[in-house]
There are 2 protein chains.
Amino acid sequence: MNGKNNPEWHRNFRQRGLRITEPRKAILEVLNNTTEHLSAEEIYTEVHKTYPNIGLTTVYRNLELLEEMGIIAKFHFGDGRSRYELIQSPQKPGHHHHLICTGCKQIIDYDDFVDEEIELLNKVEQALSAAHNFQITGHTIQFYGICNSCRGNL
Amino acid sequence: MNGKNNPEWHRNFRQRGLRITEPRKAILEVLNNTTEHLSAEEIYTEVHKTYPNIGLTTVYRNLELLEEMGIIAKFHFGDGRSRYELIQSPQKPGHHHHLICTGCKQIIDYDDFVDEEIELLNKVEQALSAAHNFQITGHTIQFYGICNSCRGNL
DNA sequence: ACCTTAATGAAAATGATTTTCATTAACAAT
DNA sequence: ATTGTTAATGAAAATCATTTTCATTAAGGT
Ligand SMILES: [Mn+2]
Ligand SMILES: [Mn+2]
Ligand SMILES: [Zn+2]
Ligand SMILES: [Zn+2]
């Protein structure tokens, strides 16, 4: 349920000498309760409903912080704004990739065949490291296409 | 060598009733002669050397057009600006993926896919088509990490 | 309750991209 | 070659996301 009191975040903040503030709890709460990939402004709007005095600047600042901390992930889906999601949440598969409909812009979290996929990815990363003398730290994998209903609309 | 007179582009333009203008030839020429992933402004700067009267606005407009036409590809590598490359060029492998150094920001094109990477793509695309009733049209795959020389600088 | 200083909020600044609009030039028709 | 139509251009202004600045507030250790 509500994630803002998740002791793991608390510990994580404390360890870095960071303070646990109302805006931070509010932002994490919003991200914890959605299945979508929200933009900074969308998060701000949501937070604003409960905490009308929290500013957009603070949302941006904390999204940056949370990303550095490895708590959230930032994506660029091509609509001109960054979008964020909690890396671990009850609402989401853990490791997943994205399927984006170029028609309606919906983003689908995809995690079928995860285990096999992760194993293949590891091998690919190893091969790349070796071939290009590159130490891989992360990846972005997105598939584009047309969803069922958009195909109907053609 | 010089690509601005490539008859295929000419045909492509004509078919759509588009005019073959100086700016368009200049932009294609720049993209055809680089191995890099240039931003709109970088392309503008390069074009400007030979055609000082071509404006940045026109560069943006034509990059958008060329992308729609499937002649160039637009990427987001996380530095806040879009970057473009010719889809087909003598300087580049055709379809390829990217390796991005988070240290020096260099982008490496690679198309020496290991079997696992091909397998991964095939499986995922099949699974996605089936499970999500999605017609896949493309994908973007980028690996982030630290290149050899950046690792030395630590 | 008090202090130190990290964190915040409002406003201004920045930077990339888009829009507006008057002018120019591609190119098809003459 | 000249003309006419209209797509394309360039300059300036507008927009939109994100960042910076700076004075004020409040977390949390004492
Ligand atoms: Mn996701
Ligand atoms: Mn490339
Ligand atoms: Zn769709
Ligand atoms: Zn590097």
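Residue numbering restarts at 1 for every chain, and letters A, B, ... go by the order of the sequence lines.
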Rounded to the nearest Å, what distance is computed from the NZ atom of residue A:K25 to the P atom of nucleotide D:dA26? 14 Å
Here the distance between atom P of D:dT18 and atom CG of A:L63, to the nearest Å, is 9 Å
May I have the distance from A:H76 (atom NE2) to C:dA16 (atom P), rounded to whole angstrom? 14 Å
Which of B:D115, B:V114, B:I118 passes side chain to side chain contact (heavy atoms under 4.5 Å, CB included) with A:V124? It is B:V114
Sorted by position of nearest nucleotide on DNA chain C, 5' first, the leading residue of B:R61 and B:R81 is B:R81
Think B:T57 has a side-chain N or O under 4.0 angstrom from the OP1 or OP2 of D:dT9? no
Is B:K92 salt-bridged to B:D109, cutoff N-O under 4.0 Å? yes
Taking the side chain of B:A40 as heavy atoms from C-beta outward, which of C:dT17, C:dC27, C:dT8 is closest to it? C:dT17
Which sits closer to the 5' end of DNA chain D, B:L18 or A:L56, going by the nucleotide each is nearest to? B:L18
Polar pair under 3.5 Å, donor/acceptor by atom type, side chain B:R19, base D:dA7: yes
Under a 4.0 Å threshold between the charged nitrogen and the carboxylate oxygen, would A:E117 count as salt-bridged to B:K123? no
B:S82 side chain: which of C:dT17, D:dT9, D:dT18 is closest? C:dT17
With nearest nucleotide decided by heavy atoms, which residue, B:T21 or B:K74, maps closer to the 5′ end of DNA chain C? B:K74
Spacing of B:F13 atom CZ relative to D:dA8 atom C1', expressed in whole Å: 12 Å
For the pair made of OH in B:Y51 and C1' in D:dA8, what is the distance, rounded to whole Å? 16 Å
Between B:Y60 and C:dT17, is there a contact of a side-chain N or O with OP1 or OP2 at under 4.0 Å? yes
Hey, does the side chain of B:T58 reach the backbone of B:I54 with a donor-acceptor pair shorter than 3.5 angstrom? no
Using a heavy-atom cut-off of 4.0 Å across all strands, would you classify A:S39 as base, sugar-phosphate, or nothing? nothing
Please determine if a side-chain N or O atom of B:N62 lies less than 4.0 Å away from the OP1 or OP2 oxygen of D:dT9. yes
C:dA7 P sits how many Å from A:M69 CE, rounded? 10 Å
Could you tell me whether A:Q88 atom CD has more than 12 heavy atoms of other residues or ligands within 6.0 Å of it? no
In whole angstroms, the gap separating P of D:dA17 from CG of A:D79 amounts to 9 Å
Rounded distance (Å) that lies between atom P of C:dA25 and atom CZ of B:R24: 15 Å
